[in-house]
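All remarks here apply to the structure that follows.
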Amino acid sequence: MRQLFSADPDLAKMPILVVDDETQNTVLLTRLLGRAGFDEVIATNDAAEAMALFDAHRPDLVLVDLHMPGKDGFDLLETFRQRIGDREYLPLMVLTADGSDAAKTRALQVGADDFVAKPFDFPELVLRVANLLRTRALYSQLRHHDDEVEAEVRELEADRCTARADRERIHDQITGILAGHTDRMAMVFQPIVDMSTGGLAGAEALARFEGPPHQPTEV
């Protein structure tokens, strides 16, 4: 089975959570998925423990049995879907011996992304798992790209706000000077000398500004 995933080794690093009350089922799935190239398989027979494992390992795929004592698979699917939220894609797959249309419909209604009835065809199951993980990986890449774009947009907006504040400050300074509300502007006169006679030929009138920002005249 490993050759199915040799071209996509990143899938092997994506955690899979298996929830089934039958120990032989979790052991079998863990071994078979491991043989197929999935190295991060976390399994539990306790539905009550499933959420703690979900929070601890943050899996990229969850396989859930439907009929379990206490909190059954339908309840788990709803709880997982609520925990995941609307803005996140994390696939949930049902593995169950109940292949009835009613069970399938209800499972899909409460949040399942795929439904496989036992006894399942293992090569088909592996391909379904791989497809869901691949979709999850693509979603994660897209989400990461979106986060980067949002960060760039926020940075550009902050730069625009800073530039706008600078323009407003300079505008206020200039309009205040032009309106004569400040004594920051003074006139100076630089003589122009006729080098042939040494006499004064004229003067260059210059405006000088006092106070901040303190900077050289050429600036």
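Numbers here are sequence positions counted from 1. For clarity, every value in this text was computed on a predicted model and none was experimentally measured.
The two residues Met51 and Phe80 come nearest to each other via the heavy atoms SD-CE2, 3.3 Å. Between Leu66 and Ala107, the shortest heavy-atom contact is CD2-CB, 4.4 Å. Considering every non-hydrogen atom in both Ala112 and Val94, the closest pair reads CB-CG2, 3.8 Å. Nearest heavy atom pair, residue Arg136 against residue Pro91, reads CB-CD, 4.0 Å. Contact between Ile192 and Leu200 at its shortest, heavy atoms only, is O-CD1, 3.5 Å. Considering all non-hydrogen atoms of both residues, Val64 and Gly73 come closest at CG1-CA, 3.9 Å.
Remark: Leu33 CG to Phe122 CZ distance equals 5.0 Å, nearest 0.5 Å. For the atom pair Asp147 CG and Glu152 CD, the distance stands at 11.5 Å (nearest 0.5 Å). Considering NZ of Lys104 and CG of Asp114, their distance stands at 9.5 Å, rounded to 0.5 Å. Atom CG in Leu138 sits 8.5 Å away from atom CZ in Arg134 (nearest 0.5 Å).
Using a 4.5 Å cut-off on side-chain heavy atoms (C-beta onward), Tyr89 and Leu132 make contact. The shortest side-chain heavy-atom distance between His57 and Leu17 does not fall under the 4.5 Å cut-off. The side-chain heavy atoms of Asn25 and Val18, taken from C-beta on, include no pair separated by under 4.5 Å. With a 4.5 Å cut-off on side-chain heavy atoms, Asp65 and Thr96 count as touching. In this structure, the side chains of Pro15 and Asp60 come closer than 4.5 Å at one or more pairs of heavy atoms. Contact annotation: the side chain of Leu63 approaches that of Met93 to within less than 4.5 Å [non-hydrogen atoms, C-beta and beyond]. Using a 4.5 Å heavy-atom cutoff, the side chains of Phe54 and Leu90 are in contact.
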*Using the side chain to side chain contact (heavy atoms under 4.5 Å, CB included) rule, take Leu29 and Leu125 through it: C-alpha gap first, then chi angles, then the decisive distance, then the call.*
CA-CA 10 Å; Leu29 283 169; Leu125 174 64; 3.8 Å; yes
Go through the steps to decide whether Asn131 and Arg128 satisfy the test side chain to side chain contact (heavy atoms under 4.5 Å, CB included), and finish with yes or no. CA-CA 5 Å; Asn131 287 338; Arg128 287 174 179 267; 5.6 Å; no
Would Met68 and Leu76 count as a side chain to side chain contact (heavy atoms under 4.5 Å, CB included) here? Give the steps. CA-CA 10 Å; Met68 297 180 287; Leu76 272 180; 3.6 Å; yes
Side chain to side chain donor-acceptor pair (under 3.5 Å) evaluation trace for Ser100 with Asp98
CA-CA 6 Å; Ser100 66; Asp98 184 358; 2.8 Å; yes
Note to self: Run Arg83 and Asp55 through side chain to side chain contact (heavy atoms under 4.5 Å, CB included) and show every step you take.
What the structure shows: CA-CA 9 Å; Arg83 184 69 60 89; Asp55 291 336; 2.6 Å; yes
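Of the charged side-chain nitrogens involved, at least one lies within less than 4.0 Å of a carboxylate oxygen, so that Glu157 and Arg160 count as a salt-bridged pair. Between Arg81 and Asp113 there is a salt bridge, since a side-chain N of the basic residue sits under 4.0 Å from a carboxylate O of the acidic one.
A donor-acceptor pair shorter than 3.5 Å can be found between the side chains of Glu148 and His144.
The hydrophobic clustering, which links ILVMFWY residues whose side-chain heavy atoms are closer than 4.5 Å, places Leu108 and Val129 apart. The cluster map of Ile, Leu, Val, Met, Phe, Trp and Tyr, joined by side-chain heavy atoms under 4.5 Å apart, puts Met14 and Ile84 in different clusters. A continuous path of ILVMFWY side-chain contacts below 4.5 Å connects Val41 to Val126, so both sit in one hydrophobic cluster. A single hydrophobic cluster is seen to contain both Leu28 and Leu61, as judged by linkage of ILVMFWY side chains at heavy-atom distances under 4.5 Å, directly or through other members. Cluster membership for Ile42 and Leu133, using ILVMFWY side-chain heavy atoms within less than 4.5 angstrom, is not shared.
Thr26 places a side-chain N or O within 3.5 Å of a backbone atom of Thr23 that can act as its donor or acceptor partner. Using a distance-only test at 3.5 Å, with no hydrogens or angles considered, a donor-acceptor pair links the side chain of Asn45 to the main chain of Asp20.
Summarising the local packing, CG of Asp121 is surrounded by more than 12 heavy atoms from other residues, nucleotides or ligands at distances under 6.0 Å. Atom CZ of Arg143 is surrounded by more than 12 heavy atoms from other residues, nucleotides or ligands within 6.0 Å. Summarising the local packing, CG of Asp101 is surrounded by 12 or fewer heavy atoms from other residues, nucleotides or ligands at distances under 6.0 Å. Other residues, nucleotides and ligands contribute at most 12 non-hydrogen atoms within 6.0 Å of the CE atom of Met195. In Lys71, the NZ atom is crowded: over 12 heavy atoms of neighbouring residues, nucleotides or ligands sit closer than 6.0 Å. In the displayed structure, Lys118 atom NZ is contacted under 6.0 Å by more than 12 heavy atoms of other residues, nucleotides or ligands.
In this structure, Arg106 satisfies the cation-pi test against Phe74, with its NZ or CZ atom closer than 6.0 Å to the six-membered ring centre and inside 45 degrees of the ring normal.
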